[in-house]
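Contents: one structure, followed by commentary.
Chain letters run A, B, ... following the sequence lines, proteins first, then strands; residues in each count from 1. All values below were derived from every heavy atom in this structure, side-chain atoms included, with hydrogens, water molecules and symmetry-related copies excluded.
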There are 2 protein chains.
Amino acid sequence: MDEVPGLRSAQRRGLAEEAADRIREAIFDGAFPPGAPLREVELAAALRVSRGSVREGLTRLDREGLVESEWHRGCRVRTLSAADADELHTLRAALDELAMRTAAARATEADLAGLGDLVAGLERARDLDAPTADLIALDMRFHDGVYRVTGHRRLGEAWAAIRSQIYLFLLIRTRGAEDYRDLVVEEHRDLVEALRSGDQDRAARLGTEHVHGGYRRLLDGLGADVD
Amino acid sequence: MDEVPGLRSAQRRGLAEEAADRIREAIFDGAFPPGAPLREVELAAALRVSRGSVREGLTRLDREGLVESEWHRGCRVRTLSAADADELHTLRAALDELAMRTAAARATEADLAGLGDLVAGLERARDLDAPTADLIALDMRFHDGVYRVTGHRRLGEAWAAIRSQIYLFLLIRTRGAEDYRDLVVEEHRDLVEALRSGDQDRAARLGTEHVHGGYRRLLDGLGADVD
DNA sequence: GATTGTCCGAATGTTGACAATAGAGGTCCG
DNA sequence: CGGACCTCTATTGTCAACATTCGGACAATC
């Protein structure tokens, strides 16, 4: 089992994954608002791919929770109600707690440096007045990094199953929350610090607080007028 | 189309789900041991279904973590190493903690009665010297019930993503653990009691202890000779 | 003798045609 | 005029054939 240091295996990607990526992108860009139907023939024609590939790509998005499909009634972009938001954040808090605890135990110096770089990039983006969407993307990449550091494959899969939904949720509902820009850097710096300390309990606690706090601020900023 | 007497009832629910169910059953029955390849043509011929349907069914099993598939290399039954067992139980503990906490807050009297009935059935089965596999099946149904009581759709999906793997793991590695039969009834009765009390913290704590305790006993009973 | 290039059988990835279904809108009857 | 029924169409579910890729066996080369 020889591994070459700086070389990751080039993984072949089928058309299904490619299609899933394109459709996901389109949803994030707002081309398909929540509730919009995703018709297989239409997508197949647009992507120059057969319906089978589109179909398989859609099941991947279904696994990510981005779309929902019913028998013989096709696929629609999932709508996110207030109850859905609550589900997403309670579940994410539980996952993040385990992720931060595990990461605190297993993070190497290189891992910590990588996460630190991400936070630095986040700070730079904020100071340069980058659009909030960019900050959110970096935020997500940071947490992806934490899950990767855990080396916990199934935990990563559980995160992947809600990741896109949380991303979409943040993109849609972050307009009113201006304090997000101020707090995002500081909070993530604290997370890295907790990981560096190796204190698993502290890291776990900070992880859940980070999620719950962000959720609470979001709700406060928007009022209770969630549909 | 050739008609086979007892094999022609796969219409209303979609052939893909039907195929997934059959294959899952076969895996649990030991027809496909861990690591065994699942060839699409072979399965399609056996189930009298096209390869497309088998293919879609296999992706469902992949979502459940029962099989793993690589590009152009097909599907195999997932093998469960010691590291996998650790992943499964740490993740399950995190999910169960949230599930017990939520269930403690939302369980109605009818819910509690239903769970109580399941425990009673478990006790009956144990006293009747039912095979351990039956006890395990009832054990799983109990926890399914807890997740259902939470009303937390995404939490239930996260559980579904590891449920089959845990089931398979228990089926394979429970031979040596005789104390399982003794403790299983008592522990689940305690869980119901905690839910009835409505004390969320206590329920959550008991939930994680239940998982971790069971895992520890399993490891002790088997020694460290896990492959 | 080890490495590299090439071929071959087998299995999967992809495709377009065909069948089944849900939902809409019209029609008939009370 | 309203409701049950029926047809019709758009859309998804299923299928069998075609294209691509993998892994190993064998031969050529240094």
| field | Worked check of side-chain hydrogen bond (donor to acceptor under 3.5 Å, both in side chains) between A:Asp144 and A:Trp159 | value | CA-CA 8 Å; A:Asp144 290 343; A:Trp159 165 241; 2.8 Å; yes

| remark: Rounded to whole Å, CD of A:Glu70 lies from C1' of D:dT11 at a distance of 14 Å

| message | Any donor-acceptor pair under 3.5 Å linking the side-chain atoms of B:His188 with those of B:Asp139? | response | yes

| said: Using a strict threshold of under 4.0 Å (side-chain N to carboxylate O), is an ion pair present between B:Glu64 and B:Arg60? | reply: no

| Whole angstrom value for the distance that separates P of C:dA17 from CZ of B:Arg51 | 19 Å

| task | Rounded off to whole Å, could you give me the CH2-to-P distance for the A:Trp71 and C:dA20 pair? | result | 11 Å

| request: With heavy atoms under 4.0 Å as the rule, sort A:Leu38 into base, sugar-phosphate or nothing. | output: sugar-phosphate

| message | Run B:Arg76 and B:Val67 through side chain to side chain contact (heavy atoms under 4.5 Å, CB included) and show every step you take. | response | CA-CA 6 Å; B:Arg76 321 177 85 72; B:Val67 307; over 6 Å; no

| request: Can you tell me the distance, in whole Å, between the CD atom of B:Glu56 and the C1' atom of D:dT14? | output: 10 Å

| Closer to the 5' end of DNA chain C via nearest nucleotide, is it A:Arg48 or A:His72? | A:Arg48

| said: Counting the atoms with a prime plus P, OP1 and OP2 as sugar-phosphate, which does B:Gly52 contact under 4.0 Å by heavy atoms, base, sugar-phosphate, or nothing? | reply: nothing

| request: Please state whether the phosphate of C:dT15, meaning OP1 or OP2, lies under 4.0 angstrom from any side-chain nitrogen or oxygen of A:Ser53. | output: yes

| task | Using atom CZ of B:Arg55 as one end and atom C1' of D:dT20 as the other, report the distance to the nearest whole Å. | result | 12 Å

| query | Which whole-number value in Å describes the distance from A:Leu15 CG to C:dT15 P? | reply | 5 Å

| Are any of A:Arg73's side-chain N or O atoms less than 4.0 Å away from OP1 or OP2 of C:dG23? | yes

| message | Measuring to OP1 and OP2 of C:dT12, would you say a side-chain N or O of B:Arg39 lies under 4.0 angstrom away? | response | no

| request: Find the distance B:Glu40:CD to D:dA16:P and express it as a whole number of Å. | output: 15 Å

